[in-house]
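Nothing fancy with the numbering, it's 1 onward along the sequence.
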Amino acid sequence: MRLEAAFTALLISAILMTGCAKENPAAIAEESQVSSEEGLILIEDERPEIAEGFTIYKYEGGYRKISVKDDGREYLIIPAGEEIPADRGDAFIIKKPLENIYLAASAVFCQFDAIGETGRIRFTGIKDDEWTIQSAIDAVKNDQMEYCGNYSAPDYEYLSSEGCDLAVENLMVLHKSEVIEKLEDLGIPVFIDRSSSEENPLGRTEWIKVYGTLTGKEEEAEEAFQEQKRAVEELKNLQGSGKKVASFYIASTGQIVVSKAGESLARMIEMAGGEYLFSDLTDDSARSTVKMSMEEFFSKAKDADILLYDGAIMPISDLSGLIDKSRLFSDFKAVREKNVWYMEDSLYQNASKTGDIVKNLRLMLENDDSGDYIKKLK
């Protein structure tokens with residue numbers, strides 16, 4: 001009995017010493033709870049550097065769990081050939097290998113592209129002529145990827161019969177809960193991408209780690225993210241340009257649409273050293289943009305140093321095309337000085353390239369027309 005008591009005391013002492021050596025006891029307690037719930041041995045939890053929306057838990061045997069902050073959904077990734085743990089908690093199960101993905105979230109394609117895993121995407125919710133990323137265009141042309149209905153009305157029967165093993169959806173699907181239920185009833189797990197909720201554009205880029213986890217390309221995903229992060233950090237030592245930038249596009253109604261303060265493009269302009277002209281523009285809606293009349297836009301942006309036109313919705317080809325939309329544009333300082341720039345429509349399908357885009361914006365501020373994503377209107 002004495003020996004047992006001594007052993008017990010020694011064990012308790014060791015546990016206490018181990019706990020004291022950790023810097024964050026609360027985090028360790030959380031990890032221990034997760035490990036116990038899953039019946040798996042936790043190796044580490046990978047908390048993002050910049051993103052706030054997810055945490056990745058790594059377990060022995062190649063098991064992974066992706067925990068998404070905003071909706072509380074957890075996804076347990078099962079390695080190929082391995083069993084589902086008996087006590088999995090409330091986690092949704094995603095089994096590897098993933099070879100027939102239905103991608104309804106167009107902005108996510110670039111994440112797969114950056115780690116060389118677009119071959120896993122067989123079905124999309126984006127029509128063939130809506131792609132601007134070359135690898136996506138090539139995949140459609142070579143019949144490696146096909147349209148299978150948009151996020152709100154996928155072709156359930158076809159997806160099921162063709163062995164779809166994962167549906168990657170954007171936040172819009174939350175307004176169509178019946179779509180989620182139907183896919184899951186068919187045995188197709190649904191992963192909801194929330195990268196667009198990240199306040200920091202680099203946080204959105206960091207979601208590449210999620211897709212690296214799903215495809216087994218964790219190292220490649222880490223490397224791709226660090227490359228974009230370095231590109232932004234290289235600009236931190238540069239002085240601000242002092243140039244005021246107004247970004248916008250013209251809706252089919254003739255109204256002007258601008259990004260609200262704090263939205264992704266506005267933040268990237270500021271990261272590049274520019275001053276976003278609508279930095280005080282906010283409202284209570286969930287939309288990232290605000291509509292205004294041409295007259296209101298003129299009063300606010302007529303003296304902007306740079307006009308940056310978003311060509312994704314309503315393309316234009318040159319300065320005369322812009323003036324044709326409204327004669328008022330002739331009186332803008334940036335138009336008179338021929339300092340109007342055009343964002344290629346591929347910009348929003350390249351969330352994995354935030355660093356490169358910020359560098360392009362810096363080139364724009366320096367009147368350098370050598371960037372890939374942003375060109376000067378002639």
Side-chain angles (χ1 to χ4, degrees), residues 44-56 58 64 66 98 101 103 105-121 131-139 168 191 193-241 263-274 343-366 368-375:
E44 71 170 302
D45 62 337
E46 182 182 302
R47 300 178 187 272
E49 295 180 45
I50 296 172
E52 299 180 350
F54 69 89
T55 300
I56 297 172
K58 298 182 178 181
R64 300 288 187 265
I66 301 168
L98 300 171
I101 294 173
L103 183 70
S106 62
V108 172
F109 184 91
C110 63
Q111 307 283 31
F112 284 88
D113 191 28
I115 54 177
E117 291 293 331
T118 58
R120 298 180 185 272
I121 302 172
W131 288 109
T132 57
I133 299 177
Q134 189 58 49
S135 56
I137 295 171
D138 293 341
V168 179
F191 180 85
D193 177 80
R194 284 184 168 268
S195 60
S196 61
S197 297
E198 297 288 343
E199 291 186 7
N200 189 317
L202 273 176
R204 186 175 182 181
T205 301
E206 196 169 10
W207 276 71
I208 194 173
K209 296 178 181 179
V210 168
Y211 299 102
T213 297
L214 289 174
T215 59
K217 289 291 189 72
E218 293 168 312
E219 291 183 5
E220 291 84 350
E222 177 67 32
E223 183 179 344
F225 169 68
Q226 293 299 333
E227 180 181 351
Q228 297 304 310
K229 181 185 171 187
R230 285 193 296 271
V232 173
E233 289 177 341
E234 288 173 1
L235 299 176
K236 285 185 178 179
N237 294 327
L238 297 177
Q239 291 183 347
S241 67
E263 292 302 321
S264 184
L265 179 58
R267 289 180 65 95
M268 285 194 284
I269 289 170
E270 291 166 352
M271 290 163 70
M343 290 191 299
E344 299 290 345
D345 55 4
S346 62
L347 185 63
Y348 293 108
Q349 289 183 14
N350 279 283
S352 65
K353 299 292 186 182
T354 292
D356 294 338
I357 293 169
V358 172
K359 288 173 69 174
N360 272 222
L361 287 166
R362 182 66 192 192
L363 291 174
M364 176 192 74
L365 294 171
E366 296 173 351
D368 185 334
D369 195 18
S370 62
D372 296 323
Y373 300 100
I374 304 167
K375 295 294 184 181

Colleague: Evaluate side chain to side chain contact (heavy atoms under 4.5 Å, CB included) for F225 paired with I50, printing each intermediate quantity in order.
Modeller: CA-CA 11 Å; F225 169 68; I50 296 172; 4.1 Å; yes
Colleague: How close do C110 and A351 get, heavy atom to heavy atom, and via which atoms?
Modeller: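 Result for this residue pair: SG-N, 3.3 Å.
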Colleague: Mind listing the closest non-hydrogen atom pair of G274 and S241 along with its distance?
Modeller: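 Taking G274 first and S241 second, the nearest heavy atoms are CA-OG, 3.8 Å.
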Colleague: Please examine the side chains of I66 and L214, heavy atoms only from C-beta on, and report whether any two atoms are closer than 4.5 Å.
Modeller: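 Side-chain contact under 4.5 Å: yes.
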Colleague: What's the separation between atom CD1 in I115 and atom OG1 in T215, rounded to the nearest 0.5 Å?
Modeller: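 Those atoms lie 3.5 Å apart.
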Colleague: Would L363 and I374 satisfy side chain to side chain contact (heavy atoms under 4.5 Å, CB included), going step by step from the backbone distance to the final call?
Modeller: CA-CA 9 Å; L363 291 174; I374 304 167; over 6 Å; no
Colleague: List in chain and number order the residues that pass side chain to side chain donor-acceptor pair (under 3.5 Å) with R120, two or more places apart in sequence or in another chain; answer none if no residue qualifies.
Modeller: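 Result, side chain to side chain donor-acceptor pair (under 3.5 Å) vs R120: E117.
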Colleague: Roughly how far, to the nearest 0.5 Å, is the CE atom of M271 from the CG atom of N200?
Modeller: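 Output value for this atom pair is 5.5 Å.
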Colleague: Calculate, to the nearest 0.5 Å, the distance between atoms CG and CD belonging to N350 and Q111 respectively.
Modeller: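 So the CG of N350 and the CD of Q111 are separated by 10.0 Å.
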Colleague: Once side-chain contact (heavy atoms from CB on, under 4.5 Å) is applied, do any residues pair with T55, and if so which ones, sequence neighbours excluded?
Modeller: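 Partners of T55 by the side-chain contact (heavy atoms from CB on, under 4.5 Å) criterion, ordered by chain and then number, come out as D45, R47, Y57.
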Colleague: Taking all non-hydrogen atoms of both residues into account, name the closest pair between I269 and L361 and its distance.
Modeller: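 So the minimum-distance heavy-atom pair works out to N-CD1, 3.8 Å.
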Colleague: Would a 4.5 Å heavy-atom cut-off, applied to side chains only, mark M343 and L265 as touching?
Modeller: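 SC-SC contact between M343 and L265 confirmed.
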Colleague: Could you check whether any side-chain heavy atom of T132 comes within less than 4.5 Å of a side-chain heavy atom of E344, counting everything from C-beta outward?
Modeller: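 A side-chain contact under 4.5 Å is absent here.
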Colleague: Tell me, please, which residues at least two apart from E219 pass side-chain contact (heavy atoms from CB on, under 4.5 Å).
Modeller: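 E219 satisfies side-chain contact (heavy atoms from CB on, under 4.5 Å) with no other residue.
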Colleague: When rounded to the nearest 0.5 angstrom, what is the spacing between CG in D138 and CH2 in W131?
Modeller: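 Between atom CG of D138 and atom CH2 of W131 there are 12.5 Å.
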Colleague: State whether the number of non-hydrogen atoms from other residues, nucleotides or ligands found under 6.0 Å of E222 atom CD is greater than 12.
Modeller: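 Yes, because the 6.0 Å sphere around CD of E222 holds more than 12 heavy atoms from other groups.
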Colleague: Set out, in order, the CA-CA distance, both residues' side-chain angles and the distance that settles salt bridge (charged side-chain N to carboxylate O under 4.0 Å, His left out) for E218 and K209, then state yes or no.
Modeller: CA-CA 6 Å; E218 293 168 312; K209 296 178 181 179; over 6 Å; no
Colleague: Between E198 and W207, which heavy-atom pair has the shortest distance, and what is it?
Modeller: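 For E198 and W207, the tightest heavy-atom pair comes out as OE2-NE1, 2.9 Å.
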Colleague: Which residues pass the side chain to side chain donor-acceptor pair (under 3.5 Å) test with T205, not counting sequence neighbours?
Modeller: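 Expected list: T354.
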Colleague: Can you classify the ring geometry of F112 versus Y211 as parallel (below 30°), tilted (30 to 60°) or perpendicular (above 60°)?
Modeller: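 Ring orientation of F112 relative to Y211: tilted.
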Colleague: To the closest 0.5 Å, what do you measure between CZ (F54) and CD (E206)?
Modeller: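 One finds 5.0 Å between CZ of F54 and CD of E206.
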Colleague: Return yes when atom CD of E223 has more than 12 non-hydrogen atoms of other residues, nucleotides or ligands closer than 6.0 Å, and no otherwise.
Modeller: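 It does not: E223 CD has 12 such atoms or fewer within range.
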Colleague: Between P201 and R267, which heavy-atom pair has the shortest distance, and what is it?
Modeller: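 Scanning both residues completely, I find the closest heavy atoms to be CD-NE, 3.6 Å.
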Colleague: Output all residues satisfying side chain to side chain donor-acceptor pair (under 3.5 Å) with D369, sequence neighbours left out; order by chain, then residue number.
Modeller: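 For D369, no residue satisfies side chain to side chain donor-acceptor pair (under 3.5 Å) once neighbours in sequence are set aside.
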Colleague: Supply the atom-to-atom distance S370 OG to D368 CG, rounded to the nearest 0.5 angstrom.
Modeller: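 If I round to the nearest 0.5 Å, the distance is 3.5 Å.
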Colleague: If every non-hydrogen atom of I101 is compared with every non-hydrogen atom of V168, which pair is closest and at what distance?
Modeller: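 That closest heavy-atom pairing would be CG2-CG2, 4.0 Å.
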Colleague: Quick check: do D356 and D372 have side-chain heavy atoms less than 4.5 Å from each other?
Modeller: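 No, their side chains stay 4.5 Å or more apart.
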Colleague: V358 and L202: side chain to side chain contact (heavy atoms under 4.5 Å, CB included), yes or no, with the steps?
Modeller: CA-CA 10 Å; V358 172; L202 273 176; over 6 Å; no
Colleague: Please report the C-alpha distance between E46 and R64 in whole Å, then the side-chain angles of each, then the deciding distance to 0.1 Å, and finally whether the side chain to side chain contact (heavy atoms under 4.5 Å, CB included) criterion is met.
Modeller: CA-CA 10 Å; E46 182 182 302; R64 300 288 187 265; over 6 Å; no
Colleague: List the residues meeting side chain to side chain donor-acceptor pair (under 3.5 Å) with K359, not counting sequence neighbours, and say none if there are none.
Modeller: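 Partners of K359 by the side chain to side chain donor-acceptor pair (under 3.5 Å) criterion come out as none, since no residue qualifies.
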Colleague: Is it the case that more than 12 heavy atoms not belonging to E199 sit under 6.0 Å from its CD atom?
Modeller: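 Atom CD in E199 is not crowded, with 12 or fewer foreign heavy atoms closer than 6.0 Å.
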Colleague: Is there a donor-acceptor pair under 3.5 Å between the side chain of K217 and the backbone N or O of T213?
Modeller: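 The answer is no, because no donor-acceptor pair under 3.5 Å joins these two groups.
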